[in-house]
Amino acid sequence: MSFISRSTTTFRRSISMKDYARVRWYSNSGKSLIENILSSKIAISKVYTLKKRIGLPESYPMKVLVQALIDKTVVQNPQYSNEKLWSIGKVFGDFYVLEYIKCKYPRLPEEAVHGMQNGWMGSKALSQLATIWGLEVQRREEGLQESFGKVLAKRADPEMLRKPGEIYKDEAARRAILAILGGVYLHQGFNDTKKFINDHILSKQLDPRTMLQLQWPRRQLSRLCKRLSLKEPVYRIIAETGRKSREPVFVIGAYSGHHLLGQGQASSLNLAEQQAAYNSLISYYIHSPPFRQLPSDYLEVNDGKIPKASEPYTSIPLVSHGQLVI
Amino acid sequence: MLFTIKPSFLKPVGFIQTRNLNRLYPKQRIPKRPKIPMGSKIAEVTETTSAYYNPPASSPDVRITPPVFRYDAPPIHQRDTSLSKESMFLPPAVSRKSKSKGKLRFSTHQLSSEDIKSIQDLRTKDPNAWTTGTLSKKFNTTRLLISRVCEAPKERIQKVEENFEAEKLAWGSKKREIRRQRASRQAFRTLERVAQV
């Protein structure tokens, strides 16, 4: 058995070596890898199908889309890979998604903000999006010409130990999507890019409650009330049943003075208090005040001229009274 | 030739008979309610009858922000600080267990200078009545702290020692040995002398 596995490994490595040599030959020859893909009918049909499925307009050049699907790990020359496109897409995507999160949930803590950003722009999230689009990543044992029309990426063998900088399928898919986004920005402009992000990335529903991890809810609620100059929270029994039975039900509300902050329901007083404090904190942190427009809406450019805004800029109410401002 | 013989032949397995239990219809089962036939009337509904929507109680929604936490909540100087009519009808607060007032293992608050003076006065006036235990219960502190704040006068200490010596005469050999070991451990443990009470 060991003899067979060794021969298989050697055979596999020889394939990868040949492919690598072929790739380098492609990069150095007169006809580049992009032109080879464009000349292949099967690849062109695949790429065109992807273009229509995503919703890109007809004016979007095919060469850019083909280049976006070539990962930087396959071709060393950035002229023929998606390295530059990916950088542009990453910057713009992070900018717009972070802006959206900050405007919608201004009180969300930084850890939750990063969690939401990762939920929208992370490797796994974008890899799932690639699967939804129908994008496929080149397999390890697949030849180069066979995988024209897919995301071309060099992947490490499973036998080797993991090293820093290792190429994964998710990372390659993420780079491909961000490269396509960069291409949209370069060839269609600001508004279409935002529309693209809204349609494909922000349309995924994320619940901000799952991002918060509150370990000491009663203590944190006390500190929050102190910060907001409210009275110390008092826990009051709103309703109860079956106190002397095996499974009682207590409904406890957290009150600050005569203001009800939140309710909790549990089978013991202690748990109900914790639940009430937890619900109060959650309702505070995921509060999203109404906002008319994002700050980046003022960056819209029509035919090279900055249009006059219909309404004067009104800042989003990010900080409520009594909150700390640094 | 021995390899061809199966192990089951060499080690015969005994047969275990499973009792035939009546699982479908146990004796103590609750009898099933007969099905209501289709089309039978359940309730009489007339023109004067009106239906009421009464949904079951559910947990409050976290996404509804209380008015105090809203972004447009009034600032502190505009907030209604006076007790309104609603505060009179607030539900009862959750009761907490009362703290133990005796033999505290830690002090719940710092003693003020007035407390220290009153402790010293009381202990100086009547050391027999105001012992460390009594004072610790009164001021909610530990006996160690009371002993450090003010030591008993020399007459009181001498009297306590005399009583202790009188008690020692009635001890047996076992108790003496235990006390000797405890004293030796205490000598190693603490070098500083703590006032005896």
Side-chain angles (χ1 to χ4, degrees), chain A residues 106-107 207-209 212 218 221 224-225 228-231 233-241 249-266 268-270 272-273 275-276 278-291 316-323, chain B residues 3 26 28-30 51-112 139-141:
Chain A
R107 294 175 182 167
D207 196 350
R209 283 176 283 180
L212 289 164
R218 282 180 285 191
L221 181 62
L224 179 66
C225 290
L228 298 179
S229 302
L230 296 171
K231 292 184 178 179
V234 180
Y235 302 94
R236 300 178 180 277
I237 303 174
I238 294 174
E240 66 168 289
T241 179
V249 177
F250 296 100
V251 180
I252 287 184
Y255 284 81
S256 173
H258 61 278
H259 300 283
L260 176 63
L261 303 179
Q263 286 187 29
Q265 179 177 327
S268 72
L269 288 170
N270 197 19
E273 283 186 28
Q275 194 67 36
Y278 183 84
N279 289 339
S280 304
L281 288 169
I282 290 287
S283 62
Y284 176 79
Y285 283 125
I286 67 170
H287 176 52
S288 67
F291 60 95
I316 296 166
L318 302 179
V319 182
S320 59
H321 303 289
Q323 207 169 10
Chain B
F3 291 102
Q28 300 177 359
R29 78 176 199 278
I30 298 172
Y52 297 95
Y53 178 60
N54 187 21
S58 61
S59 297
D61 198 346
V62 185
R63 288 168 291 184
I64 299 174
T65 310
V68 190
F69 284 163
R70 281 176 56 88
Y71 69 99
D72 54 357
I76 183 171
H77 58 274
Q78 296 178 12
R79 204 173 294 160
D80 185 14
T81 54
S82 63
L83 294 177
S84 64
K85 195 172 184 180
E86 297 173 1
S87 64
M88 299 176 63
F89 302 96
L90 285 177
V94 180
S95 61
R96 290 293 186 186
K97 291 182 179 178
S98 59
K99 298 177 182 178
S100 60
K101 296 184 178 179
K103 293 188 177 180
L104 296 178
R105 302 185 69 89
F106 56 90
S107 298
T108 55
H109 65 281
Q110 279 187 343
L111 290 175
S112 61
F139 292 96
N140 281 330
T141 53

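We name chains A, B, ... by the order of the sequence lines, and we start the count at 1 in each one.
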B:T65 meets the side-chain hydrogen bond (donor to acceptor under 3.5 Å, both in side chains) criterion, sequence neighbours left out, with A:H287

Please state whether the side chain, the backbone, both or neither of A:Y278 comes within less than 4.5 Å of a heavy atom of chain B.
neither

Quick one: of A:V234, A:L261, A:I238, A:I282, who has the most non-hydrogen atom pairs under 4.5 Å with chain B?
A:L261

Over all atoms of both residues, closest heavy-atom pair of A:S280 and B:F69:
O-CE1, 3.6 Å

Gap between atom CG of A:L260 and atom CG of B:L90 - 0.5 Å precision:
9.5 Å

Using non-hydrogen atoms and a 4.5 Å limit, figure out which bit of A:L230 sits close to chain B: side chain, backbone, both or neither.
both

